[in-house]
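This report concerns only the one structure given below.
Because only heavy atoms are used, hydrogens play no part in the values below, and waters and symmetry mates are left out as well, while side chains stay in. Just follow the structure's listing: the first ligand is 1, and inside any ligand the first atom is 1. The chain is numbered in sequence order, starting from 1.
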Amino acid sequence: MKLRVGHLYPDYLNIYADRGNIAVLIERARLRGHELDVRAIGMHDRVPVGEIDLFYVGGGQDREQALVADDLAAKAPPLRGAVEAGAAFLAVCGGYQLLGRFYRDVAGVEHPGIGLLPLHTVAEPRRMIGDVLLECTWAGRTLAGFENHAGRTLLDEGAEPLGRVVAGFGNDGRSGYEGCRYRRVYGTYLHGPLLPRNPWFADHLLAEALAHAGGPTELAPLPDELERQAHAVSAERARSRGGRF
Ligand code: GLN
């Protein structure tokens, strides 16, 4: 199958090589005989609704977020429409924050979000930095990654987190939650990049994209030896950082 990926603002939101997540998706799809057609959706570009199976937006600092926020807000209706029609979406850190209702930076400046996820984010001076490990009970798996953010993300009552923090800070360092899930949308603070060390999650996203594209969603298992080691090293680093914040 040909899967269509829409990469939002690759020139602005690509901190910690978040672009690496796309490389993982391309390769894991290729190994199963699927082709990924990755298109950049940049400033002033139209969102090709109905033509994208998986949207992706990476992280960025406040400056880059401020540069894209208004443009992204203008793209909110087509993005919401695509998600309601079953498109998948992965958003990391700065991109994740902008999927909520707003992001208020440390200076108190409020940047509009697109209200796709039931949350908002407010920054505080002390940054939350380090390795992080999550338990995703909905999937029976763990996710390991690296976080570095000033924003504290608060989920609305009843919102589904991506996981529970085993070690690290997560959304706000208090709730014990990390990330957010809604339909086929996944928002998270985890960089690393995230997907090389969490291959199950890469496959989950590919399966979601395949479902949107109307293809068979089963993906043949891959050996994943290096990936397992990468996950174990990252998980261990997070654990040795101490208990939950
Ligand atoms: N503005 C964000 C924060 O520090 C973005 C961080 C990031 O994407 N690494 O909270």
Side-chain angles (χ1 to χ4, degrees), residues 7-22 24 40-43 55-73 75 79 89-134 143-155 159 161-163 165 167-180 185-198 201 234 237-238 241 245:
H7 188 171
L8 286 152
Y9 311 109
D11 302 333
Y12 292 88
L13 299 177
N14 178 40
I15 207 168
Y16 298 119
D18 280 339
R19 202 186 291 266
N21 290 325
I22 297 277
V24 169
I41 305 175
M43 213 62 100
F55 289 93
Y56 176 65
V57 61
Q61 293 302 348
D62 291 10
R63 186 178 163 277
E64 285 74 31
Q65 285 177 288
L67 290 173
V68 305
D70 286 333
D71 187 81
L72 183 64
K75 290 179 168 61
L79 286 173
F89 204 142
L90 173 63
V92 177
C93 202
Y96 165 46
Q97 294 173 343
L98 293 179
L99 293 203
R101 279 186 301 277
F102 64 84
Y103 169 58
R104 192 182 305 142
D105 67 23
V106 257
V109 180
E110 206 163 290
H111 306 284
I114 61 172
L116 192 61
L117 290 176
L119 55 87
H120 67 272
T121 303
V122 177
E124 290 178 19
R126 190 175 153 221
R127 299 190 70 82
M128 303 193 283
I129 307 174
D131 292 281
V132 43
L133 180 66
L134 313 183
L143 283 172
F146 174 80
E147 60 183 331
N148 181 356
H149 51 110
R152 272 67 174 164
T153 294
L154 302 161
L155 301 183
L162 178 62
V165 176
F169 297 97
N171 277 341
D172 60 353
R174 298 174 192 109
S175 61
Y177 292 137
E178 203 291 319
C180 187
V185 185
Y186 302 85
T188 179
Y189 275 110
L190 270 55
H191 299 279
L194 167 70
L195 299 182
R197 53 181 91 172
N198 298 289
F201 193 51
S234 186
R237 269 205 310 254
R241 168 186 176 174
F245 176 67

(message) Can you report which non-hydrogen protein atom sits closest to atom 3 (C) of ligand 1, along with the distance?
(response) Ala150 N, 3.3 Å

(message) By the definition side-chain contact (heavy atoms from CB on, under 4.5 Å), identify the one residue from Val68, Asp71, Ile41 that meets it with Leu8.
(response) Ile41

(message) For Tyr12 and Gln65, which I'm curious about, is there any donor-acceptor pair between the side chains at under 3.5 Å?
(response) no

(message) Applying side-chain contact (heavy atoms from CB on, under 4.5 Å), can you list everything that pairs with Leu154, at least two apart in sequence or on another chain?
(response) His120, Asp172

(request) For Tyr103 and ligand 1, answer yes if some heavy atom of the residue is under 4.0 Å from a ligand atom, otherwise no. (result) yes

(request) Could you find the nearest protein heavy atom to atom 2 (C) of ligand 1 and give me its residue, atom name and distance? (result) Gln97 OE1, 3.2 Å

(request) Work out whether the distance between some heavy atom of Gly60 and some atom of ligand 1 is less than 4.0 Å. (result) yes

(message) Before we go on, tell me: are the rings of Phe201 and Tyr186 under 6.0 Å apart, centre to centre?
(response) yes

(request) Consider ligand 1: state whether an atom of it lies below 4.0 angstrom from any non-hydrogen atom of Glu147. (result) no

(message) Below 3.5 Å, N or O to N or O, backbone or side chain included: is there any such pair between Ile15 and ligand 1?
(response) no

(message) Could you identify the single nearest non-hydrogen protein atom to atom 10 (O) of ligand 1 and state the distance to 0.1 Å?
(response) Gly151 N, 2.7 Å

(request) Tell me which protein heavy atom sits closest to atom 6 (C) of ligand 1, plus the residue, atom name and distance to 0.1 Å. (result) Cys93 SG, 3.3 Å

(request) State which residues pass salt bridge (charged side-chain N to carboxylate O under 4.0 Å, His left out) with Asp11; sequence neighbours excluded, sorted by chain then number. (result) none

(message) If you measure every N or O of His149 against every N or O of ligand 1, does any of those distances drop under 3.5 Å?
(response) no

(request) Check ligand 1 against Gln65 and write out every atom of the ligand that is under 4.0 Å from a heavy-atom position of the residue. (result) 1 (N), 2 (C), 5 (C)

